Student: 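Sharing a structure with you now.
All values below come from the heavy atoms of this structure, side chains included, with hydrogens, waters and symmetry mates left out. All ligand and atom numbering here is 1-based and tracks the order in the structure. The structure presented is a predicted model; accordingly, all values stated were derived computationally and were not measured.
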Amino acid sequence: MDDEMRMLLFGPPGSGKGTQAAVLATELAVPAISTGDMLREAVAAGTPLGQRVESIMLGGQLVDDATMADVVRGRLQAADAGEGFVLDGYPRTLPQARELDDILEEGDCELDHVVVLEVPEEELVERTLRRGRADDSAEVVRHRLREYRNKTEPLIGYYRERHLLRAVDGHQPVAAVTADVLAAVGRGA
Ligand code: AMP
């Protein structure tokens with residue numbers, strides 16, 4: 001169906017991904033799925049998953065791929081994700097990208113767009129520190145940025161080769177970024 005929309009939102013920590021995922025999901029009438037939010041909820045609820053990942057998250061490290069595969073597979077198989085989703089925070093490694101391909105293939109569907117929000121480095125650190133979450137101390141922020149550069153940025157090439165990549169200037173007011181993303185995925189005004 002033409003209204004279906006399976007979108008990944010990429011960008012370094014502090015690029016405004018979470019905010020955009022929520023707004024875009026509303027605009028596109030699909031759920032926003034944030035693996036960071038799902039893990040934070042598990043930590044807050046004290047589930048076995050939450051207990052396992054809490055210290056990893058506080059250190060700004062990545063949770064292992066096998067754990068993340070379980071989290072994402074279960075969520076993408078839920079009924080509300082049947083016609084699409086805006087996925088924020090997954091995949092973050094090449095094995096995760098391959099896992100996502102498998103999950104989607106099992107459901108007989110595929111990605112439509114991979115959007116990367118581009119924001120200058122100085123702005124990222126400042127924005128993240130201003131947000132003030134538990135895992136947002138200066139040292140942890142720098143570690144998360146390193147993880148992004150080393151492990152997640154290589155995925156941009158993976159998706160560019162498949163002609164799925166759309167780069168958007170994330171250094172603009174929220175509404176302008178949203179408008180540019182919608183235009184980039186063919187849903188502009
Ligand atoms: P986020 O809100 O997307 O920045 O995620 C917060 C934290 O959750 C990250 O710093 C990681 O510790 C963990 N996390 C979220 N998504 C993933 C993922 N796809 N792979 C590994 N760790 C993740």
Student: Going by the order shown, which atoms of ligand 1 are within less than 4.0 Å of some heavy atom of M57?
Tutor: 7 (C), 8 (O), 12 (O)
Student: Which heavy atom of M68 sits nearest a heavy atom of T35, and at what distance?
Tutor: CE-CB, 3.6 Å
Student: Would you find a donor on one side and an acceptor on the other, under 3.5 Å apart, between the side chain of R187 and the backbone of M5?
Tutor: no
Student: Measure the distance from atom 22 (N) of ligand 1 to every protein heavy atom, then report the residue, atom name and distance (to 0.1 Å) of the closest one.
Tutor: V63 N, 3.0 Å
Student: Just which atoms of ligand 1 are under 4.0 Å from any heavy atom in Q61?
Tutor: 11 (C), 12 (O)
Student: Specify side chain, backbone, both or neither for M68, according to which of its non-hydrogen atoms lie closer than 4.0 Å to ligand 1.
Tutor: side chain
Student: Can you check which of M38, R40, Q96 brings a heavy atom nearest to atom 6 (C) of ligand 1?
Tutor: R40
Student: For ligand 1, which part of L62 has a heavy atom less than 4.0 Å away: the side chain, the backbone, both, or neither?
Tutor: both
Student: With side chains defined as the heavy atoms from C-beta onward, is the minimum distance between V141 and L129 less than 4.5 Å?
Tutor: yes
Student: Tell me the protein heavy atom at minimum distance from atom 19 (N) of ligand 1, and give that distance in Å.
Tutor: G89 O, 2.8 Å
Student: Would you mind checking if D101 and R162 are paired as a salt bridge, meaning a charged N to carboxylate O distance below 4.0 Å?
Tutor: yes
Student: Are any of the side-chain nitrogens in R149 or E121 under 4.0 Å away from the carboxylate oxygens of its partner?
Tutor: yes
Student: Would you indicate whether the side-chain heavy atoms of L76 and Y90 approach each other to under 4.5 Å?
Tutor: no
Student: So between R144, K17, R92, whose heavy atom ends up nearest atom 1 (P) of ligand 1?
Tutor: R92
Student: Is a salt bridge present between R92 and E147, judged by a nitrogen-to-oxygen distance below 4.0 Å?
Tutor: no
Student: Run the numbers for me: atoms of ligand 1, each under 4.0 Å from some heavy atom of L39, listed by number.
Tutor: 8 (O), 13 (C), 14 (N), 15 (C)
